[in-house]
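These notes are about the structure you will find just below.
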Amino acid sequence: MKTIGLASVAATVLSGSLFAKSVAAADLPPIVIKGSHFFYENGTEFFIKGIAYQRDVSSNGTVAAAGSAEGVEPTTFTDPLADTASCTRDIPLMAALGVNTIRVYAINATSNHDVCMNLLADNGIYLIQDLSNPKSSIIRNAPQWNTELFATYAGVIDALAGYSNTLGFFAGNEVSNERSNTDASAFVKAAVRDSKTYIKNQAYRTIGVGYATNDDAEIRDDLAAYFNCGDADEAIDFWGYNIYSWCGKSTFTESGYDQRTKEFEKFSVPAFFAEYGCNTIPGTRPFTEVEAIYGPNMTNVWSGGIMYMYFQEANDYGVVSISGTSASKLPDYTALSSQLNAVTPKNTPSASYVVSNTAVSACPTTGTAWAASSNLPPIANSQLCSCMISSLSCVANGGLTGNQTADLFDTVCGLDLAACAGITANGTTGVYGAYSMCTASEKLSFAMNQYYLSQDSASTACSFGGNAEVKSAASAASSCSALLSAAGTAGTGTVTAAPTGAAGSTSAATSKAAAGMVTVPNMNMGSLSLGAYITVAMLAGAGVVLL
C-alpha cells in the first residue's frame, strides 16, 4: 500500500440521483450473501478473483505520492469509473487476467459511470467500492461521524446502487491500525450502520457494506470481533482482510495463512482478502498464494481475494505499465494470469450449503488493548441538526475559519463545560451528545446558545468577540418536535430516527468548516482540561503511513 495524507473535509457531494438508477446494459446477476459465503442468484457459489484498480490513490482513498513521507498533503484523484478511455483500454486486460472483481478506492459521485460499469458487466466483472474519498473520510487520530461524511458516503451509494454488478461497499479501510487509535472503530461502525440503513430506506436492492482491515497482530482479533458483534443492523455484512504475509514462494503455514484461516472458520459473514500481493522479494512475484487462496484449505472459510494492484506506480505493486494512452503487460501480469486462470475453487451450491456459523462475535471489552465502545455515535441526521439550528436564539456568525471555530469552542466550553455536553463524542466511553454528528458550525451555535441560556439570555452572553448574534428562535415544526424532544434541552438524549430523503437533501450539502475539520473530541465531564478536550484537526499537515 501507499502513503496517505489527510486533507480537510471537502464540500459534500451533491445528490447522485441523476445516476442512481442507472442500469448496466448487460446486467450481471447480483451477488447475494448466505451465511459466510457469496452466491450468484442461481445458487452457484461466487469467489472473488479481484484486483485493485485506481491510480495514485492509497488503500483508504487518500492521495499522496507513493513512498512519500508522513504529512504529505493530498491533491486530487482520478475517478477510474468515469474515465471511459482508460476503462476501454484496461477492462479487457483485466478480464484476460482472470479477474471477476475490481476494488476502487474513490470515485466522484456526481460523475456518470455508465460506460465503465457497462464494460465491466460485459466482461463479467463486479465492483467493490470504498465509500470515502481523499477529502472525506474518517480520520483515525481525530475520528468523527457526521452529516457531511454521511452525505458523501450516501452519494457514492446513490451513484452505484443501480448497477447489478456493484457487489458491495467498504465503509472504511485500515482506520484503526494500532492499539492507540482503536476508538476510531466506533465511528466507522456508525458509518456501516448508517450506510446499511440508507440502502434499505432508499429501497435499493440489498447490497452489503463491509470494512477492510490491516493485519496487525495486536488488534486483528478484536477488530474482527468488534465489527461482527452486536445488532445485525450495525454489524458488517462482509469482512475484508488486507494481508501481505505470503511473500515469494512461501507456504500455507509459513505465511500464517493457516492461522488466519483457523481464526475465521466460524465467522458469521463472508471474509476475503481485500488486498494481497507482497512484493518484498526481488523479481517477478510468483503469486503462489493464489493456489492456496482458492484451494481446499481455504475456500470453506475465505471467498477469494483482491490482488494489489493493476497500475504500476513507484511502489512497484503493479502488473501493467501505462505510457500515455498505452498499457504494457509486465512480467507480474503473466505470472498472476497463469495462477488465476489455473484455479477452479470447489463450488458448494447454495441449496447444499447449510449455514452453521450463525453466532456473531462477542464485543471486545474496552481497556488497555481495545478502546472502542459497542455503543455507537448517533445516527447522522441532518434534519435534526437543521431543527436544532432553527430553535436557537444565539448562533455563530457564518464564514468563520477553522482556527476561529476552534478558538470559539475553546472559549465557550471553557466558560461552561456543560454547554458542550450535547456536541461531544467519546468513542471509548460510548457517551455522545445528540448533536455530535452535526457540522462544526452547527455544533458551535448549539454550545453558544447553551451558554447564552445559562446566563439568562443576557445580550452580552451572545457576543463571543462579535462572532455570534441573537436571533428569534423559530417555533418547532411538527416534524421537528419529536426530534428535539428526543435530543433533550441539554442535547444529551438519544435520537433514533434516521434521515429521510436522498443524500443531496441534507444540510451538509451546503455547509462545512471553512479551513479544516474542527474536532470537539472526548470530554471528561468530571475534570476540565481545555488543552485535552479542544482539538483542531488542521489536516494540511496531518498524515499517516500505511504498509
Exam field: side chain [X] to backbone [Y], donor-acceptor pair closer than 3.5 Å:
{"X": "N381", "Y": "A497", "result": "yes"}
{"X": "E442", "Y": "I389", "result": "no"}
{"X": "R140", "Y": "D183", "result": "no"}

Ring centers of Y53, Y105 separated by less than 6.0 Å: no

Decide if the gap between the ring center of F272 and the ring center of Y241 is smaller than 6.0 angstrom.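 No, the ring of F272 stays outside the 6.0 Å limit from the ring of Y241, centre to centre.
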
Pair R103 + E275, salt bridge at N-O below 4.0 Å: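 Salt bridge: yes.
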
Between the side chains of D233 and R193, is the shortest nitrogen-to-carboxylate-oxygen separation below 4.0 Å, so that they form an ion pair?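 No salt bridge links R193 with D233.
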
Measure the shortest side-chain to side-chain distance between [X] and [Y] over non-hydrogen atoms and say whether it is less than 4.5 angstrom.
{"X": "I48", "Y": "I128", "value": "yes"}
{"X": "Q383", "Y": "L483", "value": "yes"}
{"X": "S195", "Y": "I157", "value": "yes"}
{"X": "C438", "Y": "I423", "value": "no"}
{"X": "L127", "Y": "L81", "value": "yes"}
{"X": "T206", "Y": "V32", "value": "no"}
{"X": "N133", "Y": "T152", "value": "yes"}
{"X": "Q144", "Y": "I139", "value": "no"}

So which atom in [X] and which in [Y] form the shortest heavy-atom distance, rounded to 0.1 Å?
{"X": "P378", "Y": "D194", "value": "O-OD2, 4.4 Å"}
{"X": "S137", "Y": "Y153", "value": "CA-OH, 3.8 Å"}
{"X": "Y244", "Y": "C278", "value": "O-CB, 3.5 Å"}
{"X": "A425", "Y": "Y432", "value": "CB-CD2, 3.6 Å"}
{"X": "A159", "Y": "I107", "value": "CB-CD1, 4.4 Å"}

With a 3.5 Å cut-off and no angle check, do the side chains of [X] and [Y] form a donor-acceptor pair?
{"X": "N300", "Y": "E265", "value": "no"}
{"X": "Y353", "Y": "S36", "value": "yes"}
{"X": "N242", "Y": "N173", "value": "yes"}
{"X": "S185", "Y": "S176", "value": "yes"}

Using 30° and 60° as the class boundaries, would you call the ring planes of [X] and [Y] parallel, tilted or perpendicular?
{"X": "F446", "Y": "Y435", "result": "tilted"}
{"X": "F227", "Y": "W239", "result": "tilted"}
{"X": "Y257", "Y": "F273", "result": "perpendicular"}
{"X": "F264", "Y": "F267", "result": "perpendicular"}

Assess the residue pair R55 and E313 against the criterion (salt bridge (Lys or Arg N to Asp or Glu O under 4.0 Å)); give the C-alpha distance rounded to whole Å, side-chain angles, the decisive distance to 0.1 Å, and a yes or no. CA-CA 8 Å; R55 302 187 71 175; E313 306 284 357; 3.8 Å; yes

Evaluate Y126 against F46 for ring pair (Phe, Tyr, Trp, His ring centres under 6.0 Å), listing each step before the verdict. CA-CA 11 Å; Y126 291 85; F46 178 80; 5.3 Å; yes

Tell me, with the steps shown, if Y317 and Y308 meet ring pair (Phe, Tyr, Trp, His ring centres under 6.0 Å). CA-CA 6 Å; Y317 277 99; Y308 189 83; 5.2 Å; yes

